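Below: the structure, in structure tokens.
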Amino acid sequence: MEASTFVLFGATGDLAKRKIYPALYNLYVDGKFSTPFSVIGLGRRELSNETFRAQVLQSLHSFSRRAALDSLQLQAFLQGFEYSVLDVGHPEDYTKLLKHVREREALLGLPENRMFYLSVGPEFFEPIAANIQASGLGDTLGWKRLIIEKPFGRDLKSARALNTSLTEAFKEEEIFRIDHYLGKPMVQNLEVLKYSNPVLRALWQNRYIANVQITASETVGVEERAGYYDKSGALRDMFQNHMLQLLMMTAMQLPKGSTPEEVRSKKKHVVKSLRPLIKEDVALNVVRGQYTPGEVEGRAVAGYTSEPGIDRSSQTETFIAARLWIDDPLWNEVPIYIRTGKRMKQKSTRIVIEFKEPFNDSHNKNKGDHTPNLLIIEISPDEAITLQLNTKDPQQHGELTSVHANYQSGSSSDVPEAYENLIFDALRGDATFFAHWDEVELSWQWVQPILEASEEGLLPLQAYRSGSHGPDGSAALLGGTEWWLDSEDKTNEAAPSVPDAPAIIRTGA
Ligand SMILES: NC(=O)C1=CN([C@@H]2O[C@H](COP(=O)(O)OP(=O)(O)OC[C@H]3O[C@@H](n4cnc5c(N)ncnc54)[C@H](OP(=O)(O)O)[C@@H]3O)[C@@H](O)[C@H]2O)C=CC1
Ligand SMILES: O=C1O[C@H](COP(=O)(O)O)[C@@H](O)[C@H](O)[C@H]1O
């Protein structure tokens, strides 16, 4: 990887502390960060380099996945960090910044490769990009790249406007739109799982798949982000970006050894093939919910409208579920169910592929009363792959019973975090796991009728108890089948979470 300067807007912010510094440190320790390196942190508050480094150090102590920090390595790492005061709206601050960047490049012998990371509020994305260009910061002899955080617009129109203005300063191939779900190791594994397993590859189509369920349930509520969240809601915060990206990664089909361009083109094909929603019919396919008081993980919690900073009459959704169809020969007539919500029963991001039942099953002594074959891909917080199969149970007169082929990944401190994977890729110039503008635009296009239906009162908000699986309407959306729930929920045992499970285990063994 070529050496570069990492210019971080929003260096004093929450995301930088919780995710970006730990990611940079772990890349450094793993030898994935080229040295010497220069990180220039930016913000309005006045900080000396020493205070800034102390803040970076504090963030590593609080948030690094590595429990033990090597002090020599740490000192060397921190020496790479310097701080500059910059107010986004002050052009003269960019001139100062350019001088600072050049001094560090000269001192450290760095090529003019510059990575600009915008970890600031979305209202600053456009002025920063414009000022980078106007100040000359973007005129480099090497490469320049822009990493941009979410949200990328708040509807189709604003996303297009943002993109138009960003592309005045950066080319599409220089823009790396972060969607941290694409950095999760199990999401990055999806394609490998498909192409390196002929069994799965052959089954990955409508002839064998009955439905696909994608869930991201969270136990947390709105936390300290009321100002942002109440204006966004689950549709903008999670669905338009993370959930549709998970769908694209699940449904695309690729030849082995695909290039980033091929991956993105196949993803685009998926989202382009989504059957459009008609505003008037949105309520038939989409459910919006908002959490009411309840109990989560044994603790009583408040309802959404009683959360600090939330309008008492807020109509913002904290849950959304949708039924989608991909109009493509491989996916025709396979319903895709997607849901995400806060204050749900369990923290779990997972994809469940439910396979079709055999047409003529003379071996089925249960007369249809058994669970279908399932492929369960746990993305977080646990990482696991479980294949649920049926076999004869000799103790039950030959009735069918479920067995599980199960893989669970190692401890989470060994697994690189999403931000590590993504920053590493951006520094290498690999855009495979970043959202291309075409995907973002098509996602907003699909979501737009839902936004409009919500605003026009065509999609009523359904209440759900905190600690539940969401509003009743989301179960009704499945029209006869059911959401595959977590192992602790005895109504349905799709994915027993068995630590150190043998390759094949019997349910309940
Ligand atoms: N926090 C998170 O978990 C996540 C955040 N994001 C996105 O990341 C971005 C940053 O979020 P987060 O870190 O939480 O935000 P914070 O509010 O914690 O931090 C904002 C940063 O912006 C700087 N800033 C604010 N105003 C200005 C200005 N006028 N000029 C220069 N710098 C300014 C602040 O520094 P100072 O006050 O010193 O000026 C601070 O460093 C947002 O786009 C957010 O949507 C995305 C996913 C998760
Ligand atoms: O982007 C976001 O993601 C988090 C959930 O991320 P996860 O990695 O913990 O699954 C969500 O809480 C937040 O509201 C949203 O902005």
Side-chain angles (χ1 to χ4, degrees), residues 7-23 41-47 51-52 55-56 59 63 83-94 96-97 117-128 131 147-154 162 177-187 214-246 304 316-320 340-344 346-350 378-383 412 415 417-419 421-422 435:
V7 181
L8 179 59
F9 293 81
T12 53
D14 176 69
L15 185 72
K17 287 178 193 161
R18 283 195 309 112
K19 297 291 178 190
I20 300 173
Y21 300 137
L42 304 166
R44 284 166 306 175
R45 60 200 90 169
E46 301 270 351
L47 298 181
T51 312
F52 178 48
Q55 290 186 358
V56 174
S59 101
F63 301 111
Y83 183 82
S84 256
V85 174
L86 177 139
D87 189 311
V88 162
H90 295 175
E92 64 279 15
D93 288 352
Y94 295 83
K96 259 185 4 203
L97 173 62
Y117 194 130
L118 309 197
S119 179
V120 290
E123 67 278 22
F124 297 135
F125 296 165
E126 298 184 41
I128 292 177
N131 275 300
I147 301 185
I148 186 160
E149 271 298 337
K150 57 173 274 207
F152 200 93
R154 52 175 290 104
L162 171 60
R177 295 176 196 81
I178 287 241
D179 185 306
H180 80 276
Y181 272 52
L182 289 178
K184 290 182 187 266
M186 191 54 92
V187 176
I214 305 179
T215 298
S217 63
E218 298 188 79
T219 50
V220 294
V222 65
E223 298 177 288
E224 282 84 43
R225 299 163 72 212
Y228 154 76
Y229 194 86
D230 205 34
K231 289 198 205 80
S232 298
L235 182 62
R236 291 184 172 97
D237 184 48
M238 292 288 292
F239 194 97
Q240 178 274 335
N241 38 63
H242 306 319
M243 304 310 288
L244 288 182
Q245 284 291 339
L246 287 183
Y304 180 70
T316 301
E317 78 284 346
T318 59
F319 174 98
I320 188 133
T340 179
K342 291 200 182 284
R343 286 283 190 238
M344 307 262 291
Q346 191 199 30
K347 169 75 181 162
S348 170
T349 302
R350 56 161 55 184
E378 300 274 357
I379 293 168
S380 66
D382 302 321
E383 293 194 343
S412 60
V415 180
E417 288 214 333
Y419 273 83
N421 289 331
L422 293 173

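Source: prediction; values computed, not measured. All ligand and atom numbering here is 1-based and tracks the order in the structure. Any value given below was found using the heavy atoms of this structure, including those in side chains, with hydrogens, waters and symmetry copies removed.
Of all atoms in ligand 2, numbered sequentially from 1 with element shown, those under 4.0 Å from a heavy atom of H242 are 1 (O), 2 (C), 3 (O). Close approach to D237 involves these atoms of ligand 2, each under 4.0 Å from a residue heavy atom: 13 (C), 14 (O), 15 (C), 16 (O). Under a 4.0 Å criterion applied to the non-hydrogen atoms of M238, ligand 2 contributes the atoms 2 (C), 3 (O), 11 (C), 15 (C). Shown in contact with A11 at under 4.0 Å from a heavy atom are these atoms of ligand 1, numbered in order with element: 41 (O). Within the listing of ligand 1, atoms 30 (N), 31 (C) sit less than 4.0 angstrom from a heavy atom of L86. Remark: ligand 2 atoms within the under-4.0 Å shell around heavy atoms of K342 are 11 (C), 12 (O), 13 (C), 14 (O). For ligand 2, the atoms sitting less than 4.0 Å from at least one non-hydrogen atom of K184 are 7 (P), 8 (O), 10 (O), numbered in the order shown with element in parentheses.
Considering backbone and side-chain atoms alike, V88 places an N or O below 3.5 Å from some N or O of ligand 1. Note: an N/O pair closer than 3.5 Å links G13 and ligand 1 by distance alone. Between T12 and ligand 1, at least one pair of N/O atoms sits closer than 3.5 Å. Between K150 and ligand 2, at least one N/O pair is under 3.5 Å apart. At a 3.5 angstrom cut-off on N or O pairs, V120 counts as close to ligand 1. The shortest N or O to N or O distance between T349 and ligand 2 is not below 3.5 Å.
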- [ ] Show your reasoning for whether side-chain contact (heavy atoms from CB on, under 4.5 Å) applies to T318 and R343.
- [x] CA-CA 8 Å; T318 59; R343 286 283 190 238; over 6 Å; no
TODO: Assess whether side-chain hydrogen bond (donor to acceptor under 3.5 Å, both in side chains) is satisfied between D237 and Y228, documenting all intermediate values.
DONE: CA-CA 9 Å; D237 184 48; Y228 154 76; 2.5 Å; yes
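Taking the six-membered ring for Trp and thresholds of 30 and 60 degrees, Y83 and F52 have ring planes inclined between 30 and 60 degrees apart.
Counting protein heavy atoms only, atom 5 (C) of ligand 2 is closest to E218 OE1, 3.6 Å. Looking from atom 1 (N) of ligand 1 to the surrounding protein, the closest heavy atom is D14 OD2, 2.7 Å. In terms of protein heavy-atom proximity, atom 10 (O) of ligand 2 is closest to Y181 OH, 2.5 Å. Atom 13 (C) of ligand 2 has R225 NH1, 3.3 Å as its closest protein atom, hydrogens excluded (heavy atom only). The protein non-hydrogen atom at the shortest distance from atom 46 (C) of ligand 1 is E149 OE1, 3.3 Å. Protein heavy atom nearest atom 21 (C) of ligand 1, with residue, atom name and distance: G10 CA, 3.7 Å. Considering only non-hydrogen protein atoms, atom 7 (P) of ligand 2 sits nearest to K347 NZ, 3.4 Å. The shortest contact between atom 6 (O) of ligand 2 and any protein heavy atom is with H180 NE2, 3.2 Å.
With a 4.5 Å cut-off on side-chain heavy atoms, F152 and R177 count as touching. At least one side-chain heavy atom of Y419 sits under 4.5 Å from a side-chain heavy atom of H180. Taking 4.5 Å as the limit, every side-chain heavy atom of T215 sits out of range of all side-chain heavy atoms of S348. For the pair R236/P151, no side-chain contact is recorded, criterion being any heavy-atom separation below 4.5 Å from C-beta on. At least one side-chain heavy atom of L162 sits under 4.5 Å from a side-chain heavy atom of E126.
Of the heavy atoms in Y229, none comes closer than 4.0 Å to ligand 2. Only the side chain of F124 comes within contact range of ligand 1, with a heavy atom under 4.0 Å; no backbone atom does. Proximity of R45 to ligand 1, defined as any heavy-atom pair under 4.0 Å, is shared by backbone and side chain alike.
Counted within 6.0 Å of NZ on K96, heavy atoms from surrounding residues, nucleotides or ligands total more than 12; the atom is thus considered enclosed. Annotation: E223, atom CD; neighbour count of heavy atoms from other residues, nucleotides and ligands within 6.0 Å is above 12. Shown here is E46, whose CD atom has no more than 12 heavy atoms of other residues, nucleotides or ligands within 6.0 Å.
For the pair I320 and A234, the tightest heavy-atom approach, listed with the atom from each and the gap, is CG2-CB, 4.0 Å. Shown here for N131 and V88, the closest heavy-atom pair between the two residues is ND2-O, 3.5 Å. Nearest heavy-atom pair, M344 versus T219, reported as atom, atom and distance to 0.1 Å: O-CG2, 3.6 Å. For the pair K184 and A418, the tightest heavy-atom approach, listed with the atom from each and the gap, is N-CB, 3.8 Å. Closest approach of A16 and A11 over heavy atoms only: CB-O, 3.8 Å. When all heavy atoms are compared, the tightest approach of R18 to F63 is CG-CZ, 3.4 Å.
Of the protein's heavy atoms, none falls inside 4.0 Å of atom 17 (O) of ligand 1.
A donor-acceptor pair is defined here as one N or O able to donate and one able to accept, closer than 3.5 Å; no such pair exists between the side chain of Q55 and the backbone of T12.
Among E123, K150, E46, K17, the residue whose heavy atom sits closest to atom 7 (C) of ligand 1 is K150. Among H90, R44, K19, the residue whose heavy atom sits closest to atom 24 (N) of ligand 1 is R44. Scanning V85, L15, L8 for the heavy atom closest to atom 11 (O) of ligand 1 points to L15.
Using a non-hydrogen distance threshold of 4.0 Å, R18 registers as a contact of ligand 1. Heavy atoms of Y228 stay at 4.0 angstrom or farther from ligand 1. At least one heavy atom of P151 sits closer than 4.0 Å to an atom of ligand 1.
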